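Below is one structure; the comments refer to it alone.
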Amino acid sequence: MRKKLYIETLGCAMNVRDSEHIVAELRERESYELTESLEEADLIIINTCSVREKPVAKLFSEIGVFQKKRKEGARIGVTGCTASHLGEEIIKRAPAVDFVLGARNVSKISSVVNRRHAVEIATDHDETLYDFSEYRSNPYKALINISIGCDKRCTFCIVPVTRGEELSIPSEIIVAEVRRAVASGAKEVTLLGQNVNNYGRRFSSGVSGAKNFTELLREVSKVEGLYRIRFTSPHPLHMDDEFLEEFAKNPKIAPQIHVPLQSGSSRILKRMKRGYSKEWFLDRCEKIRKMVPGVSISTDIIVGFPGESEEDFEETMDVLERVRFDQLFSFKYSPRPHTAAAQYEEQVDSQTASARLSRLQARHREIQEELMKSRAGAVEEVYFEELRSGGKAAGRTADGKLVLVEGSEELLGTLRDVEIERATLTTLLGRIV
Ligand code: 5AD
Ligand code: SF4
């Protein structure tokens, strides 16, 4: 009988893909199959995120819950970014944990899974040439890693500590993976990296034929049967004109882009070491809107970064007003270990930061509502990717908006014209025409 694996995934798309790799390796090499039931699992894995403090605190209470609910003899593993930066400390604080596997060590999963108290967290491990076994939680769309790690030193961010230095995966490996995904039913791929448009800066030693991100996009778009390419996350600093032109004119690249602002104040951006100013950010967004009609732009914003004054925050509000983001991921600054900003004086008090966050989110909600409402009546090309409860099928417009229609299995993996009848804050509701 196959053993059962329960896996919980926190954090970003990169972690989602790492979890798929973990499942694939354990299925292939250790004879596990996935279960949705914690109680029947022989192995429980929690794939963690450490980008903010909250999920880290949650980890230990979660381990406590797993310990109580697990069946006798079930093992517990902690993987991902918190595993990278806390390492052995996790086992010291929670001895029920059987192994700890860092975010850059996914390929070692089958070697730690049976070793009591194994800790593998090297952040210089090179996984860019590793041939992972195949598993995708959704056959209709594929996440594809193009680089690992991050070379930036944004002063708020723990990721370079947990995922190590940036290494790009050779383009032939990426294109081959895209081909396999398309052959098994995916018409859409999302290229993944901490800083995707810095692709090509450094490869594993001995790799030749380097390409930059724009060239990689061209290569990937040649794959037959592939309709939509998305990517996340790019960095505003590396959005040069050559890239924007490819983004605008390549019909396979979906008109959706994440442009993480972090702050609208050039003074704060400098303290964050982001490498661009408010003006550069606005210029890029303006250019994107001009070159790509109907594009959707999403962003990340941190409020309450150390030293952020009321005026600095107004600059952020000003960018929100000018760009009118389709989607906003906003966070209260959270000091992280091993980061420069955690040492900065002038930490903003929590109440002030909360008040700013509420104001930002409230204004964004109004904008988002207007943008979504304006879609009613339009006919959109929707790619259907999964079923939802109540006899609904879910898909995405080219610019990434969630669409629900009445429908079943036969819609999945197809592109259909949908007339949008109604819009909520997050969802377009329509019917196939
Ligand atoms: N505090 C709050 N938000 C953070 N992010 C990264 N580090 C921190 C931190 N220390 C946010 C950034 C990033 C997103 C993934 O998480 O906005 O783009
Ligand atoms: Fe979280 Fe960042 Fe690690 Fe993703 S890379 S899991 S967002 S800390």
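Whatever order the structure lists them in is the order used to number ligands and atoms, beginning at 1. A quick note: this is a predicted structure, and the numbers were derived from the prediction, not measured.
Under a 4.0 Å criterion applied to the non-hydrogen atoms of Gln262, ligand 1 contributes the atoms 12 (C), 13 (C), 17 (O), 18 (O). The ligand atoms of ligand 1 that sit less than 4.0 angstrom from a heavy atom of Asp300 are 13 (C), 14 (C), 15 (C), 17 (O), 18 (O).
The distance between the ring centers of Phe329 and Phe331 does not fall below 6.0 angstrom. Here Tyr333 and Phe156 keep their ring centres 6.0 angstrom or further from each other.
Applying the side chain to side chain contact (heavy atoms under 4.5 Å, CB included) test to Arg365 and every residue at least two apart in sequence or in another chain returns Gln361, Ala362, Leu425.
Only the side chain of Arg52 comes within 4.0 Å of ligand 1, counting heavy atoms alone; its backbone N, CA, C and O stay farther away. With a 4.0 Å cut-off on non-hydrogen atoms, Val51 touches ligand 1 through its backbone as well as its side chain. By the criterion of a heavy-atom distance under 4.0 Å, both the backbone and the side chain of Phe156 are placed next to ligand 1.
Across all their heavy atoms, Ser84 and Ala103 have their closest contact at OG-N, 2.8 Å.
Ionic pairing of Asp283 and Lys287 is not present here: no N-O contact between side-chain nitrogen and carboxylate oxygen is shorter than 4.0 angstrom.
When only interatomic distances are considered, the shortest N/O to N/O separation between Cys157 and ligand 1 does not fall below 3.5 Å.
Among pairs with a residue in residues 249-260, those fulfilling side chain to side chain donor-acceptor pair (under 3.5 Å) read Ser221-Asn250, Arg230-Gln256, Glu246-Asn250, His258-Ser298, His258-Asp300, at least two apart in sequence or across chains.
Ranked by closest heavy atom to atom 10 (N) of ligand 1, the top entry among Gly11, Ser50, Ser334, Pro260 is Ser334.
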